[in-house]
Amino acid sequence: MLTKKQSELLRFINERLKETGVPPSFDEMKDALDLRSKSGIHRLIMALEERGFIRRLPNRARALEVLRLPESSTPAGAGGGGGRGGRFPVIEGDLGRVRAQVPVGEAPASIIVPVMGRIAAGTPISAIQTRSHTISLPPDFLAMGDHFALEVRGDSMIEAGIFEDDTVIIRKQDTAETGDIVVALIDDEEATLKRLRKRGASIALEAANPDYETRIFGPDRVRIQGKLVSLLRRY
């Protein structure tokens, strides 16, 4: 699925191509989405290209081709709290759930958890996608509630024992405490795996690698998507 900003940009490009036959400029895209800089547009276009919604044509400036549109014309996050003041539902669908009780005399079965894509443990990227596959986990790896898994890209959490290509298991929740390692959505566009620190009214996303700086945001710019509960690694 697409984030709200990705969906808005895709529709804007598609409508401009229908009207004029020419893709909009980066400045026009920036103004249409009310972004502060063109770097945000670059990231959105890269995300749309990686997910197969658009294609950049070689040897032609500004040349973009829309390959497909989402099945629904409603962007992710629209309706039921899609704006800044509501809850941004990046992770949806049937997630691996652990029930509060297991019937007496029955051993708990394995829990099927969907792998939802890749998450940046370095520079934030548009990371959370539709499920790619599932994994089976014993209940001891999980907490109560709904869970999803993400494959790690980057090295900014190595001192917390999280490495590139690890699979992190995330309990879906929209709140977290200082010190929790969380999946955070920044500006409804970029997802990253970081340690949460609350600094007064601000939120700090802290790396576990001295090569990366701590990033600080206003509370309206960060949405918690889930909390790290376990990790898988294959050798």
Side-chain angles (χ1 to χ4, degrees), residues 3-5 36 39-40 43 47 76-77 84-92 95-96 98 111 113-129 132 135 137 139-235:
T3 67
K4 181 181 178 182
K5 288 294 186 183
R36 289 184 292 272
S39 63
R43 289 193 295 268
R84 280 280 172 101
R87 184 176 177 183
F88 192 82
V90 169
I91 300 296
E92 294 181 328
L95 304 181
V98 176
I111 307 297
V113 176
V115 180
M116 304 298 293
R118 303 201 66 153
I119 183 76
T123 303
I125 57 172
S126 297
I128 302 178
Q129 305 173 22
S132 58
I135 54 177
L137 295 172
D140 287 347
F141 274 70
L142 307 171
M144 296 301 172
D146 292 335
H147 298 77
F148 58 94
L150 294 165
E151 296 169 345
V152 175
R153 177 183 296 168
D155 62 355
S156 75
M157 297 301 289
I158 56 175
E159 292 189 0
I162 302 170
F163 298 91
E164 177 124 23
D165 296 326
D166 283 349
T167 299
V168 289
I169 312 304
I170 307 295
R171 180 175 65 188
K172 184 182 178 183
Q173 58 187 70
D174 56 12
T175 61
E177 300 298 326
T178 288
D180 289 343
I181 296 176
V182 302
V183 172
L185 186 71
I186 303 168
D187 293 333
D188 288 351
E189 297 173 20
E190 301 169 326
T192 189
L193 183 72
K194 290 290 181 292
R195 193 177 298 279
L196 176 74
R197 301 287 186 193
K198 296 179 181 179
R199 298 185 177 181
S202 298
I203 293 176
L205 298 179
E206 180 181 277
N209 182 335
D211 292 337
Y212 293 82
E213 64 180 8
T214 296
R215 303 181 68 193
I216 300 175
F217 301 92
D220 61 329
R221 296 186 60 193
V222 176
R223 298 183 187 276
I224 304 303
Q225 300 295 296
K227 174 185 173 181
L228 175 71
V229 296
S230 59
L231 177 146
L232 296 178
R233 180 176 299 144
R234 292 186 175 90
Y235 290 94

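Sequence positions, counted from 1, serve as the residue numbers for this chain.
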Could you check Asp166 against Leu232 for side-chain contact (heavy atoms from CB on, under 4.5 Å), going step by step and ending with a plain yes or no? CA-CA 6 Å; Asp166 283 349; Leu232 296 178; over 6 Å; no
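- Distance CZ/Arg233 to CD1/Ile162: 9.0 Å, rounded to 0.5 Å.
- Checking each of Asn209, Thr192, Ile181, Leu228 against Met157 for a side chain to side chain contact (heavy atoms under 4.5 Å, CB included) leaves exactly one that passes, namely Ile181.
- Proximity of a side-chain donor or acceptor of Arg195 to a complementary backbone N or O of Gly179 within less than 3.5 Å is detected.
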Please step through side-chain contact (heavy atoms from CB on, under 4.5 Å) for the pair Arg36 and Asp187, ending with a clear verdict. CA-CA 11 Å; Arg36 289 184 292 272; Asp187 293 333; 4.0 Å; yes
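- Between the side chain of Ser230 and the backbone N or O of Leu142, no donor-acceptor pair lies under 3.5 Å.
- Under 4.0 Å is where a charged nitrogen must lie from a carboxylate oxygen, and between Asp165 and Arg118 at least one such pair does.
- Lys198 places a side-chain N or O within 3.5 Å of a backbone atom of Ala176 that can act as its donor or acceptor partner.
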I'd like to know whether His147 forms a side-chain contact (heavy atoms from CB on, under 4.5 Å) with Ile111, so could you lay out the CA-CA distance, the side-chain angles of the two residues, the decisive distance to 0.1 Å, and finally the verdict. CA-CA 10 Å; His147 298 77; Ile111 307 297; over 6 Å; no
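- Atom-to-atom distance recorded for Arg197:CZ and Asp180:CG is 9.5 Å, nearest 0.5 angstrom.
- Atom-to-atom distance recorded for Ile170:CD1 and Ile224:CD1 is 11.0 Å, nearest 0.5 angstrom.
- Atoms OG1 and CD, from Thr178 and Glu206 in turn, are 10.0 Å apart once rounded to the nearest 0.5 Å.
- One finds the CZ atom of Arg223 at 13.5 Å from the OG1 atom of Thr175 (value rounded to the nearest 0.5 Å).
- Taking every heavy atom of both residues into account, Phe141 and Val229 meet most closely at O-CG2, 4.0 Å.
- Rounded to the nearest 0.5 Å, atoms CZ (Arg153) and CD (Glu164) are 7.5 Å apart.
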